[in-house]
Number of protein chains: 2
Amino acid sequence: MGRMPGRVPSAPPTLADVAELAGVSRQTVSNAVNNPDLLRSDTLLRVQDAIATLGYLPNRAARNLRTRSSHLIGLRITAAQEGTANATMDRFVHSLVDTSREAGYHVLLFAGDPLDPLAGYDDLLRSTAVDAFVVTDTYLGNPQAAWLQTRRAPFVAFGRPWADPEATHPWVDVDGAAGCDLATSHLLDRGHQRVAWIGWRKDSFIGEDRRSGWSRAMRSRGLPTTGLASRVEDTVSSGREASAVLLDEAHPSAFVCASDTLAMGVLHTLSQRGLVPGRDVAVVGFDDSQVAQVVPPGLTSVRQPLEDVAAEVVTALESLLGHPPAAHPGVLLEPTLAVRGSS
Amino acid sequence: MGRMPGRVPSAPPTLADVAELAGVSRQTVSNAVNNPDLLRSDTLLRVQDAIATLGYLPNRAARNLRTRSSHLIGLRITAAQEGTANATMDRFVHSLVDTSREAGYHVLLFAGDPLDPLAGYDDLLRSTAVDAFVVTDTYLGNPQAAWLQTRRAPFVAFGRPWADPEATHPWVDVDGAAGCDLATSHLLDRGHQRVAWIGWRKDSFIGEDRRSGWSRAMRSRGLPTTGLASRVEDTVSSGREASAVLLDEAHPSAFVCASDTLAMGVLHTLSQRGLVPGRDVAVVGFDDSQVAQVVPPGLTSVRQPLEDVAAEVVTALESLLGHPPAAHPGVLLEPTLAVRGSS
DNA sequence: GTGAAAGCGCTAACAC
DNA sequence: GTGTTAGCGCTTTCAC
């Protein structure tokens with residue numbers, strides 16, 4: 001790393017300092033850093049020596065100005081909703097930061113005004129502060145992707161272009177239907193016959209996709225789904241109420257939920273009725289949140305492979321920013337099931 | 001001379017473009033942006049008009065190079081531990097991003113190699129990629145603060161310099177002792193007499209600080225603490241085991257825990273023994289995590305005012321980066337108690 | 001109040 | 001292979 005303990009540099013060394021110390025021109029130092037193959041090995045060694053001695057690192061601003069790139073990826077984050085178990089965003093941020101580093105990129109976070117999903121993007125773009133964006137909330141009606149595309153801004157989406165299947169931008173997503181199929185089949189394998197669904201309202205593409213995994217699994221075993229499904233808001237209390245109604249009217253022995261938040265609502269109802277999750281009624285959530293991991297007796301949950309999502313996003317970003325820029329098709333990844341005490 | 005129109009459609013306008021359109025020199029445009037007071041009002045208006053017409057925004061890289069500042073704040077994030085309820089970091093990141101924006105800063109995230117807590121800082125510093133750092137994990141033995149100080153790198157710590165009370169760097173922290181005093185007093189007010197403590201091992205400054213709040217509250221009511229405390233690892237299973245032992249040997253009617261993770265361990269034990277949290281045994285956690293918010297019947301928890309922490313951090317950062325740089329003393333904030341069904 | 005000149009530190013082109 | 005030249009877009013002197 002060449003860190004120099006104890007040294008207190010007033011001003012960081014520049015290319016010129018290294019050039020002087022190594023007895024070469026500035027350009028040769030630049031080549032030593034960016035195109036080492038161009039140098040004769042003894043010159044390279046001498047320059048590298050000087051670089052190490054001075055603890056030189058290229059000035060970012062200067063390099064950015066010259067190369068017209070910042071090696072920064074912009075990511076808009078919105079405040080996590082209180083009272084829910086949703087933490088996909090935070091886990092994804094961690095993965096993205098890790099993966100980006102390996103590709104030589106840093107992640108620049110900017111705040112999202114919920115009222116104006118486009119705010120922030122434009123400024124960053126016009127001031128050339130970032131090389132590209134990663135867009136995360138591509139649910140219905142979110143105009144970011146379309147807007148960025150008209151601006152010719154490089155970006156990769158985590159999430160399919162649900163509303164616009166003709167969209168040509170690169171995206172990475174997790175197969176929610178496959179995840180819920182997995183969850184439902186897991187329950188059916190354990191002998192459950194009446195598996196209920198609690199999901200989101202019909203205008204949610206993601207919600208309908210996940211729901212289709214449940215109904216697909218039920219149908220494939222010839223089991224009825226009528227009266228076993230409920231569509232509600234993504235809150236704990238909605239999950240609690242929906243599960244209470246379903247238990248009374250449809251007598252399911254298991255629940256598959258579109259989110260851990262809803263699944264926690266089911267656990268609330270079970271707890272209120274003195275039913276034990278996993279013994280009396282099985283419950284499966286979606287997201288493998290911290291909540292699912294620590295709530296007694298453990299909530300079985302569909303886990304999105306966010307590390308892989310981040311890796312694919314960065315790969316897409318690299319080809320997008322490469323010379324020449326390469327198009328990257330959509331990538332759909334398979335989730336897994338984290339089985340715990342609730343099923 | 002203006003850029004060839006149509007050649008590079010997406011190239012943002014520059015100072016020169018604005019100057020040409022407004023019929024002034026580049027420097028006047030620069031002044032219009034940075035020192036509007038210097039311009040005659042009609043000139044200013046004309047320039048602002050041209051800026052609006054072209055959608056001009058100063059190029060970051062160029063400005064950074066010239067002013068030797070990036071308006072970027074570096075924040076190292078480490079992977080969130082799976083199987084715990086800890087989410088302080090993520091909540092803080094959100095708050096910091098929001099607050100920084102108002103001060104004209106963006107947050108640059110970089111990955112933390114757990115094996116080398118200094119990695120990343122050095123590169124960012126030497127390449128002048130960030131103006132300052134926000135350091136978050138200042139627990140015992142973390143050398144970041146001391147190291148950054150010897151490098152004269154501007155930084156503000158979220159967390160007191162526990163190991164080095166002589167440290168002079170700015171910091172912001174939350175009074176954990178006050179939080180646990182609050183939690184314990186809350187339980188005592190509800191009639192509990194035997195309130196147990198489950199905290200971290202003795203070498204954790206933060207853990208001992210929080211513990212002191214519990215013992216302080218107990219002592220102030222003349223209640224004994226002997227045999228009522230346990231020090232363990234910060235895991236659910238440790239909390240589960242510790243609470244089982246305490247219930248058997250000390251018969252507490254309530255638990256105060258150093259973290260929501262430990263509190264969830266207590267809930268596990270209660271659930272195993274058929275005890276109802278909040279009715280049979282009261283439990284209070286620390287962090288007000290999502291877990292505390294959604295687990296039935298709701299986990300009472302000490303909530304750190306992270307929005308205020310972020311605000312204080314940014315304030316400290318601004319005075320640190322101001323001209324002249326001003327020292328900023330340590331700031332200690334009071335947590336609150338989010339009361340839920342478990343108490 | 002406005003404009004001309006200089007240069008931040010770097011790299012892309014081209015000489016040699 | 002290496003050095004020289006010319007900017008990237010901006011702000012900071014300092015004339016006028």
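Only a predicted model underlies this, so the values are computations on that prediction, with no experimental measurement involved. Residue numbers start from 1 in every chain, and the chains themselves are labelled A, B, ... in the order their sequence lines are given, proteins ahead of strands. The analysis underlying the following values was restricted to heavy atoms, covering all of them including side chains, and did not include hydrogens, waters or symmetry mates.
- Look at CZ on B:R46: it is 12 Å from C1' on C:dG1, rounded to the nearest Å.
- With rounding to whole Å, A:R60 atom CZ is found 16 Å from C:dT11 atom C1'.
- Atoms CG and OG1, from B:L57 and A:T128 in turn, are 9.0 Å apart once rounded to the nearest 0.5 Å.
- At distances below 3.5 Å, at least one donor-acceptor pair connects side-chain atoms of B:S100 with backbone N or O atoms of B:L96.
- The side chain of B:S25 contributes no N or O atom lying less than 4.0 Å from OP1 or OP2 of C:dT2.
- Within 4.0 Å (heavy atoms only), A:L39 reaches sugar-phosphate atoms of the nucleic acid but no base atom.
- Positionally, the nearest nucleotide of DNA chain D for B:L65 lies more toward the 5' end than for the other of B:N35 and B:L65.
- Contact record, A:D131 with A:S69: OD1-CA, 3.2 Å, taken as the closest heavy-atom pair.
- Listed pair B:R63 / D:dG9 fails the phosphate criterion, with no side-chain N or O lying under 4.0 Å from OP1 or OP2.
- Minimum heavy-atom separation, B:A111 to A:V97: N-CG1, 3.4 Å.
- Contact annotation: B:R26 side-chain N/O to C:dA5 OP1/OP2 distance is not under 4.0 Å.
- Atom-to-atom, CD of A:E20 to P of C:dG9 comes out at 14 Å; the value is rounded to the nearest Å.
- Taking atom CG on B:N64 and atom C1' on C:dG9, their separation rounds to 13 Å, with Å as the unit.
- Pairs passing the ring-ring contact (aromatic ring centres under 6.0 Å, His included) check and including a residue from residues 52-80 of chain A, sequence neighbours excluded, read A:H71-A:Y105.
- If you measure from atom CG of B:L44 to atom P of C:dT2, you get 9 Å, rounded to the nearest angstrom.
- Heavy atoms only, all atoms of each residue included: B:A119 and B:R76 are closest at O-NE, 4.4 Å.
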For nucleotides 13-16 of chain C, give me every protein contact, N/O to N/O, under 3.5 Å, one pair per line with atom names.
none

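- Phosphate proximity of D:dC8 to B:N59: absent, as no side-chain N or O sits under 4.0 Å from OP1 or OP2.
- In this structure, A:E20 places its CD atom where only 12 or fewer heavy-atom neighbours from other residues, nucleotides or ligands lie under 6.0 Å away.
- For the OP1/OP2 pair of D:dT2 and a distance below 4.0 Å, the side-chain nitrogens and oxygens of A:T43 include at least one atom meeting the criterion.
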**Report entry** Derivation and outcome, side-chain contact (heavy atoms from CB on, under 4.5 Å), residues A:V135 and A:V156
**Finding:** CA-CA 6 Å; A:V135 177; A:V156 177; over 6 Å; no
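- Where DNA chain D pairs in unbroken runs of 3 or more (Watson-Crick or G-U, both distances under 3.5 Å), the stems are C:1-16 with D:1-16.
- Nearest-nucleotide positions on DNA chain C for B:R66 and B:D37 put B:D37 closer to the 5' end.
- Distance B:L54 CG to D:dG9 C1': 15 Å, rounded to the nearest Å.
- A donor-acceptor pair shorter than 3.5 Å cannot be found between the side chains of A:E307 and A:T99.
- Candidate nucleotides C:dA12, C:dT2, D:dA6 were compared by shortest atom distance to the side chain of B:N31, and C:dT2 ranks first.
- Salt-bridge annotation for A:R151 and A:D122: present, with a side-chain N of the basic residue lying under 4.0 Å from a carboxylate O of the acidic one.
- At C:dG3, one or more side-chain N or O atoms of B:T28 fall inside 4.0 Å of OP1 or OP2 (strictly under the cut-off).
- A sub-4.0 Å separation between OP1 or OP2 of D:dT2 and a side-chain N or O of A:R40 is present.
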